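Quick caveat: nothing in here was measured; it's all calculated off a predicted structure.
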Amino acid sequence: MVLPLPILSPRLRLEPPRIGDGKWINEAVLSNIENISQWMPWAKPVPDVETSEEFVRSAVTDFAARTTLVMLIWNRHTGQLLGSSGFHEINWDVPSFETGYWLRGDALGQGYVVEAVNALTRYAFQVLGAKRLAIHCDRDNFKSRAVPETLGFNLDGVLRNHLLKVDRKELRDTFIYSRIDLDGLPELDVDW
C-alpha cells in the first residue's frame, strides 16, 4: 500500500522520519527533556544524537513494514521540527491504531499537538481505513489528556495500577480514549 504523504494542515507538515533526522529529533527532545522524561520511558537515559539516529533507522524500517508509522511534526512556515506522533500498536485486521505525541519545549501551549492529532485522526480514518484510534495517557499527565478531550475522543475507561510510572517507583492509572469515526471532530483543513 502506497501512503499519500506528507500530511498538511494549516501550520504543520507531518511525514515519516528520514535518515539524518536524528540530529533534529535529538535537539527537539533535549529542549523539553524534563517534561518528556516524566512520561516517555525512551527518554531515560537522555538520548544522544546517535541514539536518536538509531531510532530514525528503526522507524524507517518499521514504516516500510507498516508495523509502526512514526510521523515527525514540522512547522510548515519555519521548517523547524516541533515533535513527533504517528501510529503504533497497529492491528491491520481491524484496522485499529494507537497514537501518542511529544513536542519541543518552545512549541508547547500553541495548539500544535491538537492540530497534529486532528490531522492524524482524519488520516487514520480516511486513508488507513481505521475502525478505531486510541490514545493512552497517564492519569497525571493532564496536558496529554487534554488533547483527546479537546478532540472529542471518548473516555473508554481507566486501567487502575496498570503500569509502572517512568520513574519505576509507583504505579500509574492509564486513561484510554478512543474514536471509532470522525463524527464531532473539530473542523480542520487537511490535505495529503
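In this structure, Arg104 and Glu27 have side chains that are in contact, with non-hydrogen atoms separated by less than 4.5 Å. Inter-residue side-chain proximity for Arg18 and Val60 is flagged as unmet; no heavy-atom pair is nearer than 4.5 Å. Within the 4.5 Å cutoff, the side chain of Asn91 has no heavy atoms near those of the Phe97 side chain. No side-chain heavy atom of Ile176 sits under 4.5 Å from any side-chain heavy atom of Val158. Taking 4.5 Å as the limit, some side-chain heavy atom of Trp92 sits within range of a side-chain heavy atom of Leu128. Between Val117 and Leu151 the shortest side-chain heavy-atom distance falls below 4.5 Å. The side-chain heavy atoms of Leu5 and Pro16, taken from C-beta on, include a pair separated by under 4.5 Å. Annotation: side chain of Asp62 is not in contact with side chain of Val70 (no heavy-atom distance under 4.5 Å).
Proximity of a side-chain donor or acceptor of Tyr101 to a complementary backbone N or O of Ser144 within less than 3.5 Å is detected. Ser84 places no side-chain N or O within 3.5 Å of a backbone atom of Leu72 that could act as its donor or acceptor partner. Ser85 contributes a side-chain N or O that, together with a main-chain N or O of Gly100, makes up a donor-acceptor pair within less than 3.5 Å.
Shown here is Leu171, whose CG atom has more than 12 heavy atoms of other residues, nucleotides or ligands within 6.0 Å. Atom CH2 of Trp24 has 12 or fewer heavy atoms from other residues, nucleotides or ligands within 6.0 Å.
Side chains of Asn118 and Thr121: no donor on one and acceptor on the other come within 3.5 Å.
Residues Lys23 and Glu53 are not paired through a salt bridge, judged by the lack of any N-O separation under 4.0 Å between the basic side chain and the carboxylate. Between Lys165 and Asp167 no salt bridge is recorded (no basic side-chain N to carboxylate O distance below 4.0 Å). Salt bridge Arg172/Asp140: absent, no basic N to carboxylate O contact under 4.0 Å. A salt bridge does not link Arg76 to Glu15: none of the charged nitrogens lies less than 4.0 Å from a carboxylate oxygen.
Taking all atoms of both residues into account, the shortest heavy-atom contact from Pro186 to Arg122 is O-NH2, 2.6 Å.
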Please step through side chain to side chain contact (heavy atoms under 4.5 Å, CB included) for the pair Tyr112 and Asn75, ending with a clear verdict. CA-CA 9 Å; Tyr112 290 126; Asn75 183 311; 3.6 Å; yes
Just do the salt bridge (Lys or Arg N to Asp or Glu O under 4.0 Å) check on Glu98 and Arg179 with the steps written out, would you? CA-CA 10 Å; Glu98 187 178 322; Arg179 276 189 155 278; over 6 Å; no
Report the C-alpha distance between Asp156 and Arg132 in whole Å, list the side-chain angles of each, state the deciding distance to 0.1 Å, and finish with yes or no for salt bridge (Lys or Arg N to Asp or Glu O under 4.0 Å). CA-CA 12 Å; Asp156 290 345; Arg132 176 182 170 83; 2.9 Å; yes
